[in-house]
Amino acid sequence: MEVNLPVREPQGKMEKIVALCKRRGFIYPGSDIYGGLANTYDYGPLGVELLRNIKNLWWKNFVQERSDMVGLDAGIISHHRIWEASGHVAGFADAMIDCKNCKARMRADHLIEDYYEKEGERKSAEGLTPEEFDQIITDNPKLTCPNCAKREWTKVRKFNLLFPVQLGIVEGEGGHGYLRGETAQGIFVNFKNVIDSSRVRLPFGIAQIGKSFRNEITPGNSIFRTIEFEQGELEFFFDPKTTNWEDLFENWKKDILKFVVGHLGIREENLKWRAHTDLERSFYSKKTEDLEYKFPFGFKELWGLAYRTDYDLTQHMNFSKKDLTIMDPVTNEKITPHVIEPAVGINRLMLMVLVDAYHEEENRTVLKLNPNLSPYKIAVFPLLANKPELVDKARSIYDSLKPNFMTAWDDRGNIGKRYLSQDEAGTPWCVTVDFQTLEDDTVTVRDRDSATQERIKISEIQEYINSKLQ
Ligand code: ATP
């Protein structure tokens, strides 16, 4: 008799990465012991290091090493007027619907109007209630997702991505603010403070890394889309009369790619630029392109680059009645500068880095992280944990390296298992103290990617690591 056993689907790459991240302490589901909280995540001992290394590299590359950039750290809780001026309060309050299959989110009125039009009718769906939208969708079984053609709709919801915060102890007393929905507005709001307190001259940029909050309802792929996330954003201010915006835009594209490929070590074949269509682009933007990365769930936005004209500063001038103009040093005219904005999610960068580094080989799983990003740069092992002379020697090496590098210690199990464990954590080098060490002060250094070993002097370990880090 033939028995049809259910075929077990091999675990997908994404599921394996998520499992590794939890098992090894990169990423945990948020509020885990209480059953989790949708679209929130916490970062474990390895994750916090990786995230910090990415942020430090971003800052070094876009602020420290440039002479036309200054940094900023604006507050997360911010005045409601900021978000009224930016358009977020009104603009994010639409009735939205999500396709559960492809995760596309769209305005329900647009979806329905487009559908009517295809059916040969011109009808407005503006101002309907979510219940009325749902009824139309139920009544029209041919109304499928324009993106993937499936019919797996969520319910329609009135939806504002901003998180309001009630200020003051008594309701109404302190007024209300918002958790910022993007870091960019903090830059525009502080534009005058920065030009009054520093020696910047056009063209120049203001950069910031910090948390942003969006009440996202689409379930994400791990940390790809979360309600709390970190952004690395900068506004590059210029006078369009004296700086050609198209050249500037192209230069920023090059700088972004150089960072992602050169500094984060991402394979270029997994990246592509995608220009926004006229419909997709915000009305004030002259040009927007996204750098997309090939995640296991498809090419998705990693980094947005937008020419936002002088829209934001003009809005804040109108709302605050403050002068946010600046002198162009070339023309000596006071102008409202235009901006080009490169904006990236640091957590999304981290997910990309993990995906790109993940390799399965015959006998091991290895994260081939760029060593600059690795949570631990080096691990130190005594060959045997029950030989005090080996342990003492290894401890002294560990203690000497620790002030300079994130250094791991492991004396459990056999050496082979310890190597495999460090491979999964992305540690580029493992130092083992063995019996020969006691005779000639040399150790073995094992390279993560090639899995080969060489013998070097203890006194040379620091230099060895330094020479390999960029
Ligand atoms: P998306 O279309 O993915 O929602 P967006 O176009 O709204 O993103 P921007 O406002 O341009 O995003 O934000 C800039 C960057 O911030 C994005 O390219 C992305 O890397 C990151 N980002 C945006 N929203 C989230 C989120 N909810 N979780 C994690 N990262 C995010």
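Just so you know, ligand 1 is whichever comes first in the structure, and atom 1 is the first atom listed for that ligand.
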Student: Think K287 forms a cation-pi with F249, using NZ or CZ under 6.0 Å from the six-ring centre and within 45 degrees of its axis?
Tutor: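 Relative to the ring axis of F249, which defines the angle, K287 lies inside both limits.
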Student: Are any of the side-chain nitrogens in D98 or R105 under 4.0 Å away from the carboxylate oxygens of its partner?
Tutor: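 Yes, charged N to carboxylate O under 4.0 Å.
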Student: Going by the order shown, which atoms of ligand 1 are within less than 4.0 Å of some heavy atom of G345?
Tutor: 15 (C), 16 (O), 19 (C), 20 (O), 21 (C)
Student: Please classify the R348 to ligand 1 contact at 4.0 Å (heavy-atom distances, strictly less than): side chain, backbone, both or neither.
Tutor: side chain
Student: Which option wins on minimum heavy-atom distance to atom 6 (O) of ligand 1: K103, K300, E301?
Tutor: E301
Student: Both conditions, 6.0 Å and 45 degrees, for the charged tip of R180 above the ring of F213: are they met here?
Tutor: no
Student: Can you tell me how far CD of Q64 sits from CG of N61, rounded to the nearest 0.5 angstrom?
Tutor: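 Spacing of CG (N61) from CD (Q64) equals 10.0 Å.
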Student: Below 4.0 angstrom, N of the basic side chain to O of the carboxylate: do K468 and D447 qualify?
Tutor: no
Student: Could you pull out, from E233, R214, E182, E230, the option with a heavy atom nearest to atom 9 (P) of ligand 1?
Tutor: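 The nearest heavy atom belongs to R214.
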Student: Is a side-chain donor or acceptor of R151 paired with a backbone partner of L143 at a separation under 3.5 angstrom?
Tutor: yes
Student: Looking at atom 28 (N) of ligand 1, what's its closest protein heavy atom, distance included?
Tutor: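 Of every protein heavy atom, T226 N, 3.0 Å lies nearest to atom 28 (N) of ligand 1.
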Student: Please list, in number order, the atoms of ligand 1 under 4.0 Å from a heavy atom of G304.
Tutor: 18 (O)
Student: Just which atoms of ligand 1 are under 4.0 Å from any heavy atom in F224?
Tutor: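 Contacts of ligand 1 toward F224, numbered from 1: 28 (N), 29 (C), 30 (N).
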Student: Considering non-hydrogen atoms of the protein only, which is the closest contact for atom 1 (P) of ligand 1, and what is the distance?
Tutor: R225 NH1, 3.5 Å
Student: Do the side chains of L50 and L354 get nearer than 4.5 Å, heavy atoms only?
Tutor: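 Result yes, sub-4.5 Å side-chain heavy-atom pair found.
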Student: Residue-level breakdown please: for Q231 versus ligand 1, do any non-hydrogen atoms fall below 4.0 Å on the side chain, on the backbone, on both, or on neither?
Tutor: side chain
Student: Here's a test for you: under side chain to side chain contact (heavy atoms under 4.5 Å, CB included), which of I82, V165, V89 qualifies with Y178?
Tutor: V89
Student: For ligand 1, does L302 get within less than 4.0 Å through its side chain, its backbone, both, or neither, judged by non-hydrogen atoms?
Tutor: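 It is the backbone that touches ligand 1; the side chain stays farther off.
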Student: What is the closest protein heavy atom to atom 30 (N) of ligand 1, and at what distance does it sit?
Tutor: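 Going atom by atom, the protein heavy atom closest to atom 30 (N) of ligand 1 ends up being F229 CD1, 3.4 Å.
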